[in-house]
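Throughout, protein chains are lettered first and strands after them, A, B, ... in sequence-line order, and every chain is numbered starting at 1. Because only heavy atoms are used, hydrogens play no part in the values below, and waters and symmetry mates are left out as well, while side chains stay in.
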Amino acid sequence: MELLSGGDIVVRALKDAGVKHIWGYPGGAALHIYDALFRQSDVQHILVRHEQAAVHAADGHARSTGDVGAVLVTSGPGATNAITGIATAYMDSIPLVVISGQVPSAKIGEDAFQETDMVGISRPIVKHSFLVKDPADIAGVIAKAFFIAASGRPGPVVVDIPKDITDPNIKVAYEYPEKVKIRSYQPTTKGHTGQIKRAIKTLLGAKRPVIYSGGGVVLGGASSQLTELARLLNAPVTNTLMGLGAYPGTDRQFLGMLGMHGTFEANTAMHHADVILAVGARFDDRVTNTISKFCPSATIIHIDVDPTSIAKTVAADIPIVGACDVVLQEMIDQIEHSGKRPDEAAISEWWKQIDDWRERHGIYTQSRYEPSGGSIIKPQDVIKALYKATGGDAYVTSDVGQHQMFAAQYYLFDKPRRWINSGGLGTMGFGLPAAMGVQMAHPEAMVACVTGEGSIQMCIQELSTCTQYGLPVKIINLNNQALGMVRQWQDMQYSSRYSSSLYEDSLPDFIKLAEAYGHVGMKVTHFDELESKMAECFALKDRVVFMDIYVDRSEHVYPMHVAPNGSMRDMWLSKTERT
Amino acid sequence: MRRIISVLMENEPGALSRVIGLFSQRGYNIDSLTVAPTEDQTLSRLTLTTHGNDHVIEQITKHLHKLIDVVKVVDLTEGPHIERELMLLKVKAHGAQRAEIKRCVDIFRGQIIDVGTNAYTVQIVGNSDKLDAFIQAIGDADILEVVRTGVSGLSRGEKALRL
């Protein structure tokens, strides 16, 4: 057996875990590992400009590929800077392994330079964590970390390694375990057959069914099963913010996103449904509105790989714990085997009703906002132009705010893993580094970061990383010169008192800023140049292009749930119109 | 409703902090907690008492089970079970009080395990109600300090929480 130092073992184990790219930032406690990285070429390290971005980039990689993302940071501030990224991944169940350097074992607890209790600080936002105490344990711990991160309900795993454990002078035998077995961790995959039978009986008897699917379908690779089951049942499908792309966005049976900024037809159909099939979704408060008024007449079937997601906020009538792909496949098989089909007359009546809702207030049957023209560019039209320029086939990352909701509403994702956003934690600054991660994993793909002038400034330093590694992401900056979503809430709930949401006189010249980093900047201020500039942007295949698009400052995102105390169907449809 | 939840988990550093962290993070209560290794040194057995409605307790057991270090979880109060708690209590004892306290300890089948000129240390074992009752019973005496282990418990019969 080969004798290696702890630092070399870390890197070899990463390679054996299948890692090709690791995102990070060096520092004292991690230097032995960085030296080991230098002496090999299997694992490429990408140097970011802030540790938060390293985690978001690995996260973008993981979301777009399904692989486990890898991060390497140093102790103390390196570790704490990574925390926002880890929390982002945790809330959206993204598989990551974050390796942090730690002060030498003998110094732990002495308030040593750059010491922080990483295992303690990260504990509430990780799926699991390890503190390595012996170089001989490193390979096994890393193998376990990757296994835990990727299996069951995925999530981030932290591996904290004190500096003495990676000492180049201490060599131990290296062996990467072929198989990982953890006696206290055996995630359920197969659903309970009896429960699945009950679910099918309920679904086939439904007169007004809705399939409500979430990020779990994307993560669980269950899109094709979801689509097949929806076709078999001829049931309408709505996706959560995290689930977009799991069902084809341009399909007739797709109602659009549901929830706070969901479509009228999706939210209204949910409210009136008699059976709801929730798959890989968690009845988030941004979906349900007031829990006590949520879908009053529905029997709820809930499939999730994580038992704690079931009946957490909304009671499930038929809970099924299992992996989405496995359970949905068994449902399809059982229905096909039974030869039974849903009540055709009732379903066709239901579709008639839904189509009427679509006609009345749907955002896809016609534009529900004032048209763009002259120097007024509606943010919705920017997303439509982006869709057109990319043929609907780009990877789209976003930051957090109005632009995120417009992108979710108007870029119709036909494939899973194309829509990359921070849904659970809502982390501004996520978009650009996530786009870097996506671009690194898919060098030939079109990658657009839809952002706003607020969010982009939270990780704008990464423009430098894009330069260093030649990552030609396209930044679509919806510049409304304000923290748009904050201002929307202030308009609606605080009589337009714009407390700390305005900064127009102090915004940078984004064009010059982009150019300072060696990129292309494009300013768009007139609607008639929007499409041509957008096409020009994507024609520059090898360059980072920063499109600074001045959009209508007063625009709000609609529909919007009426809150507090509203139900799913209570929505503002415009500034003046409500359901 | 009061519940006794028993957890079999890996005897690893940090495992206990994950359990406690879970309770504070999710806003659940811990009324008492006791933990020690089992006959198998790689495993620890943790017993905690908590209260909450059925929904909360279900979430607690599910979340406990989700922790990677946790091997098994059982809500002992779901079935017939035995619970015990040990209390050490130091009480001022001089003059006529000495006999009175001794009598009370006998009634509760406790033991006086340390005798000083002016104080007794009493040991009582039983369920939590019994320990509460003892404190009530010697209400007039001057209690110097009380230490309780928290509840330990097992289900009745042959059912066992093991690998």
Side-chain angles (χ1 to χ4, degrees), chain A residues 87 90-91 93 105 108-109 117-134 137 141 144-145 147-149 151-160 180-188 282-283 291 302 304-316 319 321, chain B residues 3 5-30 33 35 37-47 50 52-75 78 160-163:
Chain A
Y90 180 73
M91 288 292 272
S93 309
S105 307
I108 289 178
D117 174 11
M118 180 55 164
V119 166
I121 279 185
S122 63
R123 200 200 56 233
I125 50 161
V126 293
K127 184 168 174 189
H128 197 57
S129 48
F130 297 92
L131 174 63
V132 183
K133 296 199 161 160
D134 186 331
D137 293 343
V141 164
K144 276 186 188 170
F147 172 67
I148 291 170
S151 53
R153 180 179 183 174
V157 177
V158 162
V159 179
D160 200 29
V180 177
K181 206 169 172 290
I182 303 171
R183 66 178 173 183
S184 57
Y185 175 68
Q186 284 129 9
T188 314
R282 58 187 178 88
F283 297 86
I291 288 283
H302 192 177
D304 205 290
V305 74
D306 178 4
T308 65
S309 279
I310 293 178
K312 181 173 65 178
T313 56
V314 171
V321 177
Chain B
R3 303 292 188 112
I5 294 172
S6 209
V7 179
L8 194 65
M9 60 188 197
E10 297 290 347
N11 186 8
E12 294 275 350
L16 178 61
S17 77
R18 287 179 219 279
V19 171
I20 293 168
L22 164 66
F23 276 74
S24 61
Q25 182 187 346
R26 304 232 172 230
Y28 305 140
N29 305 294
I30 297 180
L33 176 97
V35 58
T38 64
E39 84 285 4
D40 175 350
Q41 286 296 312
T42 66
L43 291 170
S44 280
R45 175 89 174 233
L46 178 150
T47 313
T50 182
N53 60 32
D54 288 351
H55 172 73
V56 168
I57 301 297
E58 185 186 327
Q59 281 294 316
I60 289 176
T61 51
K62 288 200 291 193
H63 274 294
L64 281 170
H65 202 81
K66 192 171 151 182
L67 295 174
I68 307 289
D69 287 332
V70 168
V71 183
K72 281 189 176 162
V73 181
V74 68
D75 177 354
E78 267 185 352
L161 190 66
R162 52 184 297 128
L163 275 181

Margin query: Counting only heavy atoms not in A:Lys144 (residues, nucleotides, ligands), do more than 12 fall under 6.0 Å from its NZ?
Written below: no
Next item on the list: Check each atom of B:His55 against the heavy atoms of chain A and say whether the ones under 4.5 Å are side chain, backbone, both or neither.
Entry: side chain
Checklist line | Pairing of B:Asp69 and B:Arg18 as salt bridge, 4.0 angstrom limit | finding: yes
Notebook entry, point to check: Should B:Asp54 and B:Arg3 count as an ion pair when the cut-off is N to O under 4.0 Å?
Noted result: yes
Checklist line | Rounded distance [0.5 Å steps], CD1 in B:Ile20 versus CZ in A:Arg123 | finding: 8.5 Å
Checklist line | Closest-packed option against chain A by number of heavy-atom pairs under 4.5 Å, given B:Thr42, B:Thr61, B:Leu22 | finding: B:Thr42
Next item on the list: Under 4.5 Å, counting heavy-atom pairs only, tell me which of A:Ala311, A:Gly120, A:Gly152, A:Pro187 racks up the most with chain B.
Entry: A:Ala311
Notebook entry, point to check: What part of B:Leu163 lies closer than 4.5 angstrom to a heavy atom of chain A: side chain, backbone, both or neither?
Noted result: side chain
Item checked: Interface moiety of A:Lys127 toward chain B, non-hydrogen atoms closer than 4.5 Å -> both
Next item on the list: Step by step, work out the salt bridge (charged side-chain N to carboxylate O under 4.0 Å, His left out) result for A:Asp304 and A:Arg282.
Entry: CA-CA 8 Å; A:Asp304 205 290; A:Arg282 58 187 178 88; over 6 Å; no
